[in-house]
Colleague: 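Structure incoming, see below.
All figures in this text were calculated on a predicted structure; none of them were measured in a lab. What you see below is based on every heavy atom in this structure, not just the backbone, and it leaves out hydrogens, waters and symmetry mates.
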Amino acid sequence: MFIAFPMRDAISADKAHCWHPFTPQERWCAGEHIPLMIERAEGVWLYDSNGNKYLDGNSSIWTNIHGHCRPEIVEAIAKQAATLDHSSYLGLGHPLASELAEKLVAFFPEGTLSRVFFSDNGSTAVEAALKMSLQSRLQTGQEMRRQFLAFDNAYHGDTLGAASLGGVNRFFSRFKSLGFETNFLSSLEELSRIDPTVVTAVVIEPLIQGVNEMRPWPEGMLARLREWATANGVHLILDEVMTGFGRTGTMFACQQEKVVPDFLCVAKGITGGTVPLAATLATEEIYSAFLGGAENAFYYGHSYTANPIGCAAALASLEIFEKDQVFARLPEKISYLAKSLAKLESEFSQIKEIRQCGLVAGIEFEKGLGEKITLKARDHGLITRNILDTIVFMPPLAITTAEIDFAIEAISRSCRFCLASGCDSDR
């Protein structure tokens, strides 16, 4: 029988034993710090141990799509857990993975992305693509192509290979010499200084960089990069871990510029934001380089590759896109958010810039305000995270216009408070 852990004991055990990602642990474990403990969720709302209610303003780190505890996904997970909880995907298969793979490749023109390699998170989806690109070169007589291209301020994950493509120095500078050979670009114009004959792949988040304070790329940039990669025999790897599954207004961001990559990496929203799952889609040409003897196999994988529960959740999520006509309703929400953000910007001269792509937004404040406003927003019922002084607003696609109003008002009230008082949080 499961017995609930008393909250005081839970906080004590957290500080004594837990290690939180991207969190200064000394500050977290300080005696005066009382962690916010989330106990349940429903729709776009999170509820803490004291019964307080918060709008999930960053989709629980950019994962949730249709709202929390969506009955169709919960039912699919429960049914699958009672039927086949897990089975190895090494030398075995199962029907749900086959069905999911077929549905994923169907989003792209026939004869393009045709193969799906499953893993469990965004970093490993990218890591798989990097290793596939390199190994395919080694097995097709292109040993000179060992270099990767990435962009300044990029973030592609924390595994060592993915980290070596990270352009955010505070995260990755100490690891750059240990991973893949990478050349960093600030713009497409810098491609002119690159020798493409030694490059295996170029990696980019399409349309918008996430960890770079939500900065959109210039319109048409992705299509131009595809043209350059094709002309020079360079693989194009698209990291759609954040942008995939509707965030930018289409199922995948690359579809807005009619670009098909050589590799597409997805995770986060693939299961609707419920359980871990990731996928790396590749072309048949890439896949063919791994055929032949055992020496050509791709020796990379995970214990929970193609986990049936994750596949069941992903299939249920894809059904909701159709049933709820998500993409028919998104334009109105995207437009409404743009107007709401413009109104917020007109209210505060301390807002330096607002950047939006679909239902992804970054609200950049003057230096020193971002974290203060983010923390104060909790007192007004909004949970999100700031990147430096940019407040991220990336809600579940299921959000309503009334709930957008609630979130923007929470930011507005928090900003007014911080400007007036220096922002000592009530909680």
Colleague: Answer yes or no: are there more than 12 heavy-atom neighbours, outside Ile34 itself, under 6.0 Å from its atom CD1?
Modeller: no
Colleague: Between CD1 of Ile391 and CD1 of Ile354, what distance do you get to the nearest 0.5 Å?
Modeller: 10.0 Å
Colleague: Is the backbone of Gly111 close enough, under 3.5 Å, to the side chain of Ser114 for a donor and an acceptor to pair up by distance?
Modeller: no
Colleague: Suppose the criterion is salt bridge (charged side-chain N to carboxylate O under 4.0 Å, His left out): which pairs have a residue in residues 199-214, not counting sequence neighbours?
Modeller: Glu213-Arg215
Colleague: Would you say the side-chain atoms of Tyr47 and Asn50 include a donor-acceptor pair closer than 3.5 Å?
Modeller: no
Colleague: Indicate whether the side chain of Ser186 and that of Glu190 have a donor and an acceptor atom separated by less than 3.5 Å.
Modeller: yes
Colleague: Would Ser119 and Thr124 count as having a side-chain donor-acceptor pair, cut-off 3.5 Å?
Modeller: yes
Colleague: Start with the C-alpha distance between Val203 and Leu149, add both sets of side-chain angles, then the distance that settles side chain to side chain contact (heavy atoms under 4.5 Å, CB included), and finish with yes or no.
Modeller: CA-CA 6 Å; Val203 187; Leu149 300 181; over 6 Å; no
Colleague: I'd like to know if the side chain of Ser59 and the backbone of Pro395 have a donor-acceptor N/O pair within less than 3.5 Å.
Modeller: yes
Colleague: Is Arg115 salt-bridged to Glu284, going by a charged N under 4.0 Å from an acidic O?
Modeller: yes
Colleague: Checking Lys103 side chain against Leu318 main chain: does a donor-acceptor pair fall under 3.5 Å?
Modeller: no
Colleague: Over all heavy atoms of both residues, which pair between Gly310 and Val275 is shortest? Give the atoms and the distance, please.
Modeller: CA-CG2, 3.6 Å
Colleague: Are there more than 12 heavy atoms of other residues, nucleotides or ligands under 6.0 Å from atom CE of Met37?
Modeller: yes
Colleague: Checking Trp45 against Phe406 for the ring pair (Phe, Tyr, Trp, His ring centres under 6.0 Å) test, could you report, in this order, the C-alpha distance in whole Å, the side-chain angles of both residues, the deciding distance, and whether it holds?
Modeller: CA-CA 12 Å; Trp45 301 96; Phe406 179 93; 5.2 Å; yes
Colleague: What's the separation between atom CD in Glu409 and atom CD1 in Ile404, rounded to the nearest 0.5 Å?
Modeller: 14.5 Å
Colleague: Regarding Gln142 and Thr140, do their side chains bring together a donor and an acceptor under 3.5 Å, going by distance alone?
Modeller: yes
Colleague: Determine the minimum heavy-atom distance between Ile73 and Ala313, stating which atoms define it.
Modeller: CG2-CB, 4.0 Å
Colleague: Working note: Leu341 + Phe393, criterion side chain to side chain contact (heavy atoms under 4.5 Å, CB included); need CA distance, chi angles, decisive distance, verdict.
Modeller: CA-CA 10 Å; Leu341 291 170; Phe393 185 61; 5.5 Å; no
Colleague: Would Asn307 and Tyr89 count as a side-chain hydrogen bond (donor to acceptor under 3.5 Å, both in side chains) if you check the C-alpha gap in whole Å, the side-chain angles of each, and the deciding distance to 0.1 Å?
Modeller: CA-CA 8 Å; Asn307 172 252; Tyr89 209 60; over 6 Å; no
Colleague: Between Gln256 and Thr250, does any side-chain donor sit less than 3.5 Å from a side-chain acceptor?
Modeller: yes
Colleague: Rounded to the nearest 0.5 Å, how far does CZ of Phe148 lie from CG of Leu165?
Modeller: 6.5 Å
Colleague: Sequence neighbours excluded, which residues qualify as salt bridge (charged side-chain N to carboxylate O under 4.0 Å, His left out) partners of Arg145?
Modeller: none
Colleague: Could you grab the distance from atom CG of Leu238 to atom CG of Leu281, nearest 0.5 Å is fine?
Modeller: 11.0 Å
Colleague: Quick one, Val199 with Asn232, criterion side chain to side chain contact (heavy atoms under 4.5 Å, CB included). Give me CA distance, side-chain angles, the key distance, then yes/no.
Modeller: CA-CA 9 Å; Val199 176; Asn232 291 283; over 6 Å; no
Colleague: Would you sort out whether Glu371 and Arg27 count as a salt bridge (charged side-chain N to carboxylate O under 4.0 Å, His left out), showing the intermediate values?
Modeller: CA-CA 14 Å; Glu371 183 177 14; Arg27 187 167 69 177; 3.2 Å; yes
Colleague: Mind checking ring-ring contact (aromatic ring centres under 6.0 Å, His included) for Tyr300 and listing every partner two or more places apart, or none if nothing turns up?
Modeller: Phe298, His302
Colleague: Are there over 12 heavy-atom neighbours, none belonging to Lys15, within less than 6.0 Å of that residue's NZ?
Modeller: yes
Colleague: Has the side chain of Ser60 got a donor or acceptor atom that lies under 3.5 Å from a matching backbone atom of Thr63?
Modeller: no
Colleague: Can you tell me if CD on Glu42 sees more than 12 non-hydrogen neighbours from other groups inside 6.0 Å?
Modeller: no
Colleague: Side chains of Glu403 and Thr400: is there a donor and an acceptor less than 3.5 Å apart?
Modeller: yes
Colleague: Ignoring hydrogens and geometry, is there a side-chain-to-backbone donor-acceptor pair from Thr23 to Trp19 under 3.5 Å?
Modeller: no
Colleague: Could you check whether Phe321 and Phe327 have their ring centres less than 6.0 Å apart?
Modeller: yes
Colleague: List the steps and the verdict of side-chain hydrogen bond (donor to acceptor under 3.5 Å, both in side chains) for Ser87 and His94.
Modeller: CA-CA 8 Å; Ser87 172; His94 64 83; over 6 Å; no
Colleague: Show every salt bridge (charged side-chain N to carboxylate O under 4.0 Å, His left out) that has at least one partner inside residues 319-330, sequence neighbours left out.
Modeller: Arg70-Asp324, Glu72-Lys323
Colleague: Is a side-chain N or O of Asp48 found less than 3.5 angstrom from the main chain of Gly51, in a donor-acceptor match?
Modeller: yes
Colleague: Would you call Glu181-Arg146 a salt bridge at under 4.0 Å N-O?
Modeller: no
Colleague: Just verifying a value: how many Å separate Ile408 CD1 and Leu337 CG, rounded to the nearest 0.5 Å?
Modeller: 6.0 Å
Colleague: Give a yes or no on whether Glu143 atom CD has more than 12 heavy-atom contacts from other residues, nucleotides or ligands under 6.0 Å away.
Modeller: yes
Colleague: Output yes when a side-chain donor or acceptor of Glu240 lies under 3.5 Å from a complementary backbone atom of Ala253, and no otherwise.
Modeller: yes
Colleague: Enumerate the salt bridge (charged side-chain N to carboxylate O under 4.0 Å, His left out) contacts for residues 257-271, please, sequence neighbours excluded, ordered by first and then second residue.
Modeller: Arg226-Asp262
Colleague: Given 3.5 Å as the limit, does a donor-acceptor pair link the side chain of Gln255 with the main chain of Phe252, or not?
Modeller: yes
Colleague: Scan side-chain atoms only and decide if Thr248 and Thr243 contain a donor-acceptor pair under the 3.5 Å cut-off.
Modeller: no
Colleague: Please tell me whether Asp239 and Tyr155 have a donor and an acceptor in their side chains that are separated by less than 3.5 angstrom.
Modeller: no
Colleague: Which heavy-atom pair separates Arg355 from Glu364 by the least distance, and what is that distance?
Modeller: NH1-OE1, 2.8 Å
Colleague: Checking His68 now: which residues fulfil ring-ring contact (aromatic ring centres under 6.0 Å, His included) with it, not counting sequence neighbours?
Modeller: none
Colleague: One pair to check against side chain to side chain contact (heavy atoms under 4.5 Å, CB included): Ile383 and Leu36. What are the steps and the verdict?
Modeller: CA-CA 10 Å; Ile383 287 180; Leu36 183 59; 3.6 Å; yes
Colleague: Can a donor-acceptor pair be found, under 3.5 Å and without considering hydrogens, that links the side chain of Ser288 to the backbone of Glu285?
Modeller: yes
Colleague: Hey, what do you get for CG (Leu277) to SG (Cys311), rounding to the nearest 0.5 Å?
Modeller: 5.5 Å
Colleague: Where the side chain of Thr230 meets the backbone of Glu227, is there a donor-acceptor pair that is under 3.5 Å apart?
Modeller: no
Colleague: Using distance alone, with no hydrogens and no angle criterion, decide if Ser136 and Gln139 have a side-chain donor and acceptor under 3.5 Å apart.
Modeller: no
